Amino acid sequence: MEYQTLPLTKTSYFQDLLPINKANNDLSAFPINMLPEEMQIEILSHLQTDDMVRCESVCKKWQAGIESWASRPPLGYTPQPKKPLYFMFNSEVPYATYAYNSDKEKWIPFDIPNSDETESPTPQLETTFFTQYTLYISASRGLVCFMETRTQDKGYVFNPILKNRIKLLPKAPGGIADYCAITLSTDVGSRKYVVAMVKSHQVESIIKNNFQFYVDIHLYKSETSSWVNLHTEKFVGWHGGDSDSCVICKDRLYVVANFPYVAGGTEPFHEIVAYDLSQTRQSQKKSLARTKVTIPCALTCVRLQNLDDKLIIVGGVPKKGTMTLDTVAIWELCGKNLKEITRAPDDVISRFRNRFDPTFIASGCGDIVFIQSFNSRALISYDMANNVWKIVSKTPFPVLHDNSHYFSGFCFEPLLDIVP
């Protein structure tokens, strides 16, 4: 093997160091492959998120090396803070999945592995996890959890950056409920995580509009790899566990309480109740109804977020006298009261008012909250640190002329050094 020095140009940036095979003039390897494997992975670990995603697809050696490094990062390694990614998908376009890089403000192709990879070395599905829209989804500090709505008992936890690190959770308890929600909470320091699940089963009643529900709270801990039932309570008039309406913040589980009817009216009414996860089932006997936080106005939907240990509430504010979406408001829980932070300005929300359903997706981490429409590619964001609303550029999804298509997505923090 001989080495040949080539002119350094824009199109041959690395070629002056490439090993040249004299027999066939083959450019067989890049200079990084001459380094020890540990040094290669150390170099790759400092790349930007979208570059890291591309590097994982170069070869199985790099993919395995990055995942091995992630499970055992060097002593004293401190991850650099990175802005979140927002992953968007559509059930009708399984081959197109993208993530929005809020740092570079651009969309990048981003694949999620098949769920069958956890059970079979030869995946049977050609589509990714999230080409099915019947999923409960929650993300926290680099990890993502989802559970199938069809069975409400099959859940997974994984790091989207590390393609082959997927953990299948034990079968969740509680059976199929009328309403169900999950939330994931991850501790980066200890690398432990918990998954909370809230299920509401309606009780049959002979009295009209007498809504009664049994509300169950179940908790999964990664350190014990098992589910436990924390709380069961019967309520009249409201239920919890509706879609993505619960979150864990500072060892407390917050759940949106939905009142289908208030004083014979037709507008939904919401409150927030809390459960202290630091106490045992036996020591906590207080009813959830006594921990309620009142939301100041009627909302089309309520979404809860944990942003740097702050409970953030995102709600759809309706037009007066209707349940048609007028704007989106954001509150922060301060003590036992909600403090309004901002409302989406008209120049931002006007472009999406007709595209947004009364209900929508809200997902965020760090200082950024993303708000997405269910039935279109419409996506806006709010930067809490700089008090800036922004219209996110359209995704590269093919144009879908049928408005019945269902879009969904979630926000996650790109971290390499945490695995389920």
Side-chain angles (χ1 to χ4, degrees), residues 84-91 93-94 97-100 110-115 118 125 127-163 165-169 172 177 179-186 193-199 218 220 222 240-249 253-256 301-307 312 314 357 359-365 368-375 377 379 381 395 405-415 418 420:
L85 298 181
Y86 190 86
F87 178 79
M88 184 182 290
F89 60 96
N90 177 270
S91 61
V93 192
T97 51
Y98 298 91
Y100 178 74
F110 196 91
D111 293 329
I112 298 290
N114 291 321
S115 59
T118 60
L125 298 179
T127 59
T128 58
F129 285 162
F130 298 98
T131 52
Q132 302 179 53
Y133 59 84
T134 54
L135 298 171
Y136 303 117
I137 305 172
S138 179
S140 173
R141 301 302 307 275
L143 293 181
V144 178
C145 175
F146 81 90
M147 182 171 291
E148 298 178 6
T149 61
R150 181 175 55 87
T151 60
Q152 297 182 3
D153 62 6
K154 190 175 183 180
Y156 303 85
V157 176
F158 67 99
N159 184 331
I161 302 296
L162 305 175
K163 305 298 184 184
R165 294 302 180 104
I166 311 168
K167 181 177 179 62
L168 175 63
L169 301 182
Y179 300 93
C180 179
I182 65 169
T183 182
L184 171 70
S185 180
T186 306
Y193 60 89
V194 298
V195 179
M197 180 173 58
V198 181
K199 289 187 173 183
H218 307 281
Y220 171 86
S222 60
D242 183 12
S243 186
D244 54 348
S245 56
C246 65
V247 72
I248 296 174
C249 184
L253 171 65
Y254 293 91
V255 182
V256 175
C301 68
V302 181
R303 307 300 184 214
L304 305 183
Q305 302 293 314
N306 179 353
L307 301 187
I312 302 299
V314 183
D357 287 332
T359 60
F360 49 78
I361 302 165
S363 181
C365 65
I368 300 179
V369 179
F370 290 95
I371 301 164
Q372 180 192 339
S373 171
F374 276 117
N375 61 357
R377 298 173 292 173
L379 180 67
S381 67
T395 66
H405 293 294
Y406 180 98
F407 285 85
S408 191
F410 59 87
C411 175
F412 68 95
E413 189 174 355
L415 294 178
I418 184 167

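Residues take their numbers from the sequence shown, with the count starting at 1. Quick caveat: nothing in here was measured; it's all calculated off a predicted structure.
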Side-chain touch [X]/[Y], heavy atoms, less than 4.5 angstrom:
{"X": "Met197", "Y": "Cys180", "answer": "yes"}
{"X": "Phe89", "Y": "Ser408", "answer": "yes"}
{"X": "Ile182", "Y": "His218", "answer": "no"}
{"X": "Thr183", "Y": "Asn306", "answer": "no"}

Give the C-alpha distance, both sets of side-chain angles, the deciding distance and a yes or no for side chain to side chain contact (heavy atoms under 4.5 Å, CB included) between Leu415 and Ile161. CA-CA 7 Å; Leu415 294 178; Ile161 302 296; over 6 Å; no
Those residues that, when tested against Tyr193, pass ring-ring contact (aromatic ring centres under 6.0 Å, His included) (two or more places apart):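 Counting only residues at least two positions away or on another chain, Tyr193 forms no ring-ring contact (aromatic ring centres under 6.0 Å, His included).
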Results of ring-ring contact (aromatic ring centres under 6.0 Å, His included) for Tyr86 - residues two or more places apart only: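 ring-ring contact (aromatic ring centres under 6.0 Å, His included) check on Tyr86 returns Phe370.
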Main chain of [Y], side chain of [X]: is a donor-acceptor contact present, judged purely on distance under 3.5 Å?
{"X": "Asn159", "Y": "Ile418", "answer": "yes"}
{"X": "Ser138", "Y": "Cys145", "answer": "no"}
{"X": "Ser140", "Y": "Thr186", "answer": "yes"}

Which atom names give the shortest non-hydrogen contact between [X] and [Y], and what distance separates them?
{"X": "Val195", "Y": "Leu169", "answer": "CG2-CD1, 4.3 Å"}
{"X": "Ile248", "Y": "Ala196", "answer": "CD1-CB, 4.0 Å"}
{"X": "Val144", "Y": "Pro160", "answer": "CG2-CG, 3.6 Å"}
{"X": "Tyr179", "Y": "Gly240", "answer": "CB-O, 3.6 Å"}
{"X": "Leu304", "Y": "Tyr254", "answer": "CD1-O, 3.6 Å"}
{"X": "Ala139", "Y": "Cys411", "answer": "CB-O, 3.2 Å"}

Apply side chain to side chain contact (heavy atoms under 4.5 Å, CB included) to residues Met147 and Leu135 and explain how you reach the verdict. CA-CA 6 Å; Met147 182 171 291; Leu135 298 171; over 6 Å; no
Please verify the inter-ring angle class for Phe146 with Tyr156; under 30° counts as parallel, over 60° as perpendicular, anything in between as tilted.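 Answer is parallel, since the angle falls under 30°.
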Could I get the full list of side chain to side chain contact (heavy atoms under 4.5 Å, CB included) partners for Ala177, not counting sequence neighbours?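 Side chain to side chain contact (heavy atoms under 4.5 Å, CB included) list for Ala177, sorted by chain: Gln152, Lys199, His201.
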Going from [atom1] on [X] to [atom2] on [Y], what distance comes out if it is rounded to the nearest 0.5 angstrom?
{"X": "Leu85", "Y": "Ile368", "atom1": "CG", "atom2": "CD1", "value": "10.0 Å"}
{"X": "Tyr100", "Y": "Gln372", "atom1": "OH", "atom2": "CD", "value": "13.5 Å"}
{"X": "Ser363", "Y": "Phe87", "atom1": "OG", "atom2": "CZ", "value": "12.5 Å"}

Please lay out, stage by stage, how Phe158 and Leu168 fare under the test side chain to side chain contact (heavy atoms under 4.5 Å, CB included). CA-CA 9 Å; Phe158 67 99; Leu168 175 63; over 6 Å; no
